[in-house]
Student: 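Supplied in structure tokens, the structure appears directly below.
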Amino acid sequence: MIYLYSAQDGEHYRQLLQQALPQQPVCCWPQPVEAAQVQYAVVWNPPAGFFAGMTQLQAVFVLGAGVDRILRRDDLDPALPVIRLTDAGMAQQMLEYVLYGVLHVQRRMDQYQRQQQHRQWQPVAATTAGQTRIGVLGLGEIGGKVAQALAAMGYAVAGWSRQGRQLPGVADYIGEQGLSALLARSDILVNLLPATAQTRGLLDGQRLRQLPRGAALINAGRGEQVDEAALLGMLDSGHLRFAMLDVFAVEPLESVHPLWRHPAVLLTPHIAAMTLAEPAVAQIVANLQALQQGEPPQGLVLRQRGY
């Protein structure tokens with residue numbers, strides 16, 4: 001039996017899974033099931049205790065790329081395979097989101113918005129793509145595609161990752177020294193890192209200060225990777241010119257949080273790359289069948305790495 005938990009569109013996912021796996025019973029929360037009969041779970045942020053009693057559980061499929069919450073659960077056997085989505089339409093969405101932010105900065109739309117509020121007519125000197133230095137933190141399945149696409153558009157792109165990755169048109173930076181060098185040459189910093197013990201709090205005040213004066217931040221990775229108080233201070237001082245933020249340390253963002261009303265911040269509610277049902281189900285079905293045939297699935301999470 002497959003047991004599905006998705007607070008949104010759960011029944012739609014159930015129907016797609018059932019159509020793809022007609023011989024496999026598929027049930028969707030809150031439909032009650034016998035926990036001991038569940039062999040596979042397909043979930044996105046299930047409630048506490050969700051996995052209790054699932055003694056026959058063979059694998060957990062996550063309806064997204066982020067697995068930090070799943071790996072921290074105390075009701076899930078750490079020996080069980082956890083399989084995340086590796087793309088399922090998210091890379092294209094992420095590219096669109098990042099490109100929107102990049103163009104917003106490159107074409108000075110943040111400055112023109114402030115001018116409009118004061119009824120000012122003042123053209124600002126143009127900046128070309130080649131003059132715009134972009135640093136991408138995280139060169140995995142999604143980050144790598146974003147970095148390559150931006151490079152193909154003529155932007156001066158550099159990337160930073162844990163182990164390094166050679167990509168066409170993208171300068172490669174590795175390690176602590178590499179991170180400092182990448183920050184120092186980034187007019188726009190794009191954070192697409194997964195949430196791990198190593199990335200938590202990575203962009204603190206010290207590292208944000210390494211960005212050039214007037215730089216911008218686009219954060220679509222995880223909120224807990226950015227020191228929000230330090231970011232606000234950098235924006236207030238003018239060291240950072242603009243921030244486009246899709247993720248936050250606490251979500252939903254509290255209504256009293258100063259980020260809501262800061263004139264140099266554009267907020268979105270964690271929508272940069274939303275899971276698309278059809279390609280997600282196709283990937284889950286392919287991975288489930290791979291497991292049953294004794295083959296390695298795509299997106300298998302290495303717990304020691306955190307993704």
Side-chain angles (χ1 to χ4, degrees), residues 64-68 83-103 105-106 127-200 202-203 207-208 210-212 215-222 225-226 247 272-273 279 283 286-287 290 295-307:
V67 294
D68 47 304
I83 300 148
R84 62 180 178 86
L85 296 180
T86 55
D87 186 346
M90 290 183 286
Q92 179 63 29
Q93 293 179 77
M94 187 64 80
L95 171 59
E96 293 163 356
Y97 184 89
V98 170
L99 181 58
Y100 179 91
V102 166
L103 289 171
V105 175
Q106 178 201 343
T127 303
T128 67
Q131 295 171 319
T132 305
R133 301 172 300 173
I134 300 174
V136 179
L137 301 180
L139 295 177
E141 185 75 20
I142 293 176
K145 290 182 179 179
V146 169
Q148 288 184 89
L150 291 172
M153 294 176 195
Y155 291 99
V157 182
W160 182 82
S161 59
R162 178 175 169 175
Q163 297 177 327
R165 187 180 180 192
Q166 298 292 325
L167 297 172
V170 180
D172 188 30
Y173 290 80
I174 309 171
E176 185 66 30
Q177 187 173 1
L179 178 58
S180 296
L182 178 132
L183 293 173
R185 53 84 62 208
S186 296
D187 301 313
I188 303 173
L189 181 67
V190 180
N191 178 39
L192 300 177
L193 287 166
T196 68
Q198 291 73 33
T199 64
R200 195 168 296 120
L202 183 73
L203 296 177
R207 291 196 175 97
L208 290 174
Q210 294 179 42
L211 290 166
L217 170 67
I218 299 173
N219 186 22
R222 285 293 182 268
Q225 294 163 349
V226 177
V247 289
Q283 190 174 130
N287 279 331
E295 299 174 358
Q298 290 188 345
L300 180 64
V301 174
L302 300 179
R303 283 182 174 266
Q304 67 273 23
R305 190 176 63 181
Y307 59 93

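Sequence positions, counted from 1, serve as the residue numbers for this chain.
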Student: For Met94 and Ala273, work out which heavy atoms get closest and say how close.
Tutor: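 Closest pair (atom of Met94, atom of Ala273, distance): CE-CB, 3.8 Å.
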Student: Check Val67 against Gly306 and note the closest heavy-atom contact, atom names and distance.
Tutor: CG2-O, 3.7 Å
Student: Let me know which of Val190, Ile188, Leu182 forms a side chain to side chain contact (heavy atoms under 4.5 Å, CB included) with Ser186.
Tutor: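 Of the listed residues Val190, Ile188, Leu182, the side chain to side chain contact (heavy atoms under 4.5 Å, CB included) partner of Ser186 is Leu182.
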Student: Are any side-chain N or O atoms of Thr199 and backbone N or O atoms of Pro194, one a donor and one an acceptor, separated by less than 3.5 Å?
Tutor: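 The answer is yes, because a donor-acceptor pair under 3.5 Å joins these two groups.
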Student: Checking the side chain of Gln225 only, and the main-chain atoms of Leu193 only, is there a donor and an acceptor separated by less than 3.5 Å?
Tutor: yes
Student: Go through Arg207 and Leu202 one step at a time and tell me if the side chain to side chain contact (heavy atoms under 4.5 Å, CB included) criterion holds.
Tutor: CA-CA 8 Å; Arg207 291 196 175 97; Leu202 183 73; 3.9 Å; yes
Student: Ignoring hydrogens, what is the shortest heavy-atom contact between Gly178 and Tyr173? Give both atom names and the distance.
Tutor: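 So the two residues come closest at O-CD2, 3.3 Å.
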Student: Look up atom CG in Leu208 and atom CG in Leu203, then write down how far apart they are to the nearest 0.5 Å.
Tutor: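 Rounded to the nearest 0.5 Å, the CG-CG separation comes to 5.5 Å.
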Student: Kindly give the heavy-atom pair with the smallest separation between Ser161 and Asp172, and that separation in Å.
Tutor: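 Heavy atoms of Ser161 and Asp172 come nearest at OG-OD1, 4.4 Å.
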Student: Within this structure, what is the CD-CG distance for the pair Gln106 and Leu99, rounded to the nearest 0.5 Å?
Tutor: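 Going from CD on Gln106 over to CG on Leu99, the span is 9.0 Å.
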Student: Can you tell me if CD on Gln298 sees more than 12 non-hydrogen neighbours from other groups inside 6.0 Å?
Tutor: no
Student: Measure across Val105 and Ala216 and return the closest heavy-atom pair with its distance rounded to 0.1 Å.
Tutor: CG2-CB, 3.7 Å
Student: Crowded around Gln177 CD? As in, over 12 foreign heavy atoms under 6.0 Å?
Tutor: no
Student: Does the side chain of Val157 come within less than 4.5 Å of Leu167's, by heavy atoms?
Tutor: no
Student: Which heavy atom of Gly140 sits nearest to which heavy atom of Arg165, and what is that distance?
Tutor: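 Closest approach of Gly140 to Arg165: O-NH1, 3.0 Å.
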Student: When rounded to the nearest 0.5 angstrom, what is the spacing between CD in Glu141 and OH in Tyr307?
Tutor: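 So the gap between those two atoms works out to 12.5 Å.
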Student: Is the shortest side-chain heavy-atom distance between Leu183 and Trp160 below 4.5 Å?
Tutor: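 Result no, sub-4.5 Å side-chain heavy-atom pair not found.
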Student: What distance do Leu189 atom CG and Leu137 atom CG have between them, rounded to the nearest 0.5 Å?
Tutor: 4.5 Å
Student: Would you compute the distance between atom CG of Asp187 and atom CD of Gln131 and round it to the nearest 0.5 angstrom?
Tutor: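 Taking CG in Asp187 and CD in Gln131, the distance rounds to 9.5 Å.
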Student: With rounding to the nearest 0.5 Å, note down the distance linking CG in Asp68 to CZ in Arg84.
Tutor: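 Taking CG in Asp68 and CZ in Arg84, the distance rounds to 11.5 Å.
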Student: For Ile134, does its backbone N or O pair with a side-chain atom of Arg185 as donor and acceptor, under 3.5 Å?
Tutor: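 Flag set: sc Arg185 to bb Ile134 pair under 3.5 Å.
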